[in-house]
Amino acid sequence: MSTNRLKNSENSYGLIAIILHWLMAITIFSLFGLGLYMVELTYYDAWYKGSLDLHKNMGITLFVALMLRIVWRVVNITPRNADKSASKFEVKAAHYAHISLYVLMAVLMISGYLISTADGRAIDVFGLFSVPALPMSITNQEDIAGNIHEILAWTLILLSVGHGLAALKHHFINKNNTLLRMIKVQPSNN
C-alpha cells in the first residue's frame, strides 16, 4: 500500500484519519449506549461491575485514540473544503463544530476519569496498565463529575448527529464529495 493513501492530501483524508474517525465514532456511540444501559443497573445486577469496567476501559482507550487523532491532525495537511458553494459562515461553522467535537470528547473523557478515580483507586485498563488517580480529590467529586459527564455525553451525541446530518446534506443536496472522502481515500485529481 502506498504511503500516499495513509496521509491526508489536499483533496482527501488519508486512510489513517478515516480509520480513526470511524473507530472513534463507533466507540463513542457504543459508550453512550452502554452508559444509558449502566445507569439503569443496580448494584446487585449481574453485569453491574462488568459494564462499569468495560465503559472505563473503552473510555481510556478512546482517550488514547483521541490524542493520536489530534497529533495526526496536527502533522497532516487538512483537505480543502469540498463544497465550493459554501459561504464563509458555513466554513467557519464547520471549523468550530469540529473544534467543539474535539474539546467535548476530551472534557467528557476527563470527567469520566474523575468519576472513576474519585475514591482514589487507579483504573485498570484491560489488565495491561493502570491509570493512577490524582493524589487529591474534591468533596462530591464523583457526583459533580457525573453530572458534567452526563451533560457532555448528550451534547456530544447531539453535535455528532448534527455533524452526520451535515455530511448527508453535503452528499445528497450539495452533491459534493465531503462525505465520500471520509469513507474512502479519494483520487488526487478531484
(message) Applying side-chain contact (heavy atoms from CB on, under 4.5 Å), can you list everything that pairs with N140, at least two apart in sequence or on another chain?
(response) D143, I144
(request) Keeping to residues at least two apart or across chains, list the salt bridge (Lys or Arg N to Asp or Glu O under 4.0 Å) pairs with something in residues 144-160. (result) none
What pairs of donor and acceptor atoms, side-chain ones from residues 16-41 against any protein atom, are under 3.5 angstrom apart with sequence neighbours left out?
residue, atom, partner, partner atom, Å
W22, NE1, M182, O, 2.6
T27, OG1, L23, O, 2.7
S30, OG, I26, O, 2.8

(request) Would you mind listing every salt bridge (Lys or Arg N to Asp or Glu O under 4.0 Å) that reaches into residues 6-28, with sequence neighbours excluded? (result) E10-R80
Donor-acceptor contacts, no H, no angles, side chain residues 111-119, under 3.5 Å, sequence neighbours left out:
residue, atom, partner, partner atom, Å
S111, OG, V107, O, 3.4
S111, OG, L108, O, 2.7
S111, OG, H149, ND1, 2.9
Y113, OH, P132, O, 2.6
Y113, OH, L134, N, 3.1
S116, OG, G112, O, 3.1
T117, OG1, Y113, O, 2.7
D119, OD1, R121, N, 3.0
D119, OD2, R121, NE, 2.8
D119, OD2, R121, NH2, 2.6

(message) Taking ring pair (Phe, Tyr, Trp, His ring centres under 6.0 Å) as the definition, give me every residue that meets it alongside H98, ordered by chain and number, with sequence neighbours left out.
(response) H163
(request) Kindly compute the distance separating OG (S160) from CG (L101), expressed to the nearest 0.5 Å. (result) 5.0 Å
(message) Using side-chain contact (heavy atoms from CB on, under 4.5 Å), reason through L156 and L152 one step at a time and then give a plain yes or no.
(response) CA-CA 6 Å; L156 178 60; L152 293 178; over 6 Å; no
(message) According to a hydrophobic-cluster definition based on side-chain heavy atoms being under 4.5 Å apart (Ile, Leu, Val, Met, Phe, Trp, Tyr only), do I99 and F63 belong together?
(response) yes
(message) Taking side-chain contact (heavy atoms from CB on, under 4.5 Å) as the definition, give me every residue that meets it alongside T42, ordered by chain and number, with sequence neighbours left out.
(response) Y44, D45
(request) Return each pair, listed once, that meets side-chain hydrogen bond (donor to acceptor under 3.5 Å, both in side chains) where at least one residue sits in residues 49-65; pairs must be two or more places apart or across chains. (result) K49-D53
(request) Please check if atom CH2 in W47 has more than 12 non-hydrogen atoms from other residues, nucleotides or ligands closer than 6.0 Å. (result) yes
(request) Could you tell me which residues satisfy side-chain contact (heavy atoms from CB on, under 4.5 Å) with Y43, sequence neighbours excluded, listed by chain and number? (result) Y48
(request) Show your reasoning for whether side chain to side chain donor-acceptor pair (under 3.5 Å) applies to D83 and S85. (result) CA-CA 5 Å; D83 188 352; S85 66; 2.6 Å; yes
(request) Would you list the pairs meeting salt bridge (Lys or Arg N to Asp or Glu O under 4.0 Å) in which at least one residue belongs to residues 159-180, sequence neighbours left out? (result) E90-K169
(request) Would you sort out whether M109 and L62 count as a side-chain contact (heavy atoms from CB on, under 4.5 Å), showing the intermediate values? (result) CA-CA 8 Å; M109 293 175 217; L62 186 63; 3.6 Å; yes
(message) Between W72 and V74, is the side-chain contact (heavy atoms from CB on, under 4.5 Å) condition met? List the steps.
(response) CA-CA 5 Å; W72 190 251; V74 168; over 6 Å; no
(request) State yes or no: do V125 and L128 share one hydrophobic cluster built from I, L, V, M, F, W and Y residues joined by side-chain heavy-atom distances below 4.5 Å, directly or via other members? (result) yes
(request) Could you please spell out the steps behind the side-chain contact (heavy atoms from CB on, under 4.5 Å) verdict for N176 and K84? (result) CA-CA 9 Å; N176 61 53; K84 307 297 184 224; over 6 Å; no
(message) List the residues meeting side-chain contact (heavy atoms from CB on, under 4.5 Å) with S100, not counting sequence neighbours, and say none if there are none.
(response) L159
(message) Assigning hydrophobic clusters by single linkage (Ile, Leu, Val, Met, Phe, Trp, Tyr; side-chain heavy-atom cutoff under 4.5 Å), is F172 placed with I183?
(response) yes
(message) What I'd like to find out is whether the side chain of N177 reaches to under 4.5 Å of the side chain of Q186, using heavy atoms alone.
(response) yes
(message) Using modelled atom types and a 3.5 Å cut-off, is there a donor and acceptor pairing between side-chain atoms of N76 and backbone atoms of N8?
(response) yes
(message) Using 0.5 Å steps for rounding, measure from the CG atom of L179 to the NE2 atom of H170.
(response) 10.0 Å
(request) Any chance you could measure N174, atom CG, to L168, atom CG, to the nearest 0.5 Å? (result) 11.5 Å
(request) Return the minimal non-hydrogen interatomic distance between R69 and Y102, and the atom names on each side. (result) NE-OH, 3.4 Å
(message) Do I77 and I70 land in one hydrophobic cluster if side-chain heavy atoms of ILVMFWY residues count as linked below 4.5 Å?
(response) no
(request) State the CD-CG distance between E142 and N147, to the nearest 0.5 angstrom. (result) 11.0 Å
(request) Could you work out the complete set of other residues in the hydrophobic cluster of V64, with links drawn between I, L, V, M, F, W and Y side chains under 4.5 Å apart? (result) L68
(message) For a quick test of reading the model, state the closest non-hydrogen atom pair linking A82 to T178 and the distance between them.
(response) CB-OG1, 3.4 Å
(request) Answer yes if L104 and I151 sit in the same cluster of Ile, Leu, Val, Met, Phe, Trp and Tyr residues linked by side chain heavy atoms under 4.5 Å apart, and no otherwise. (result) no
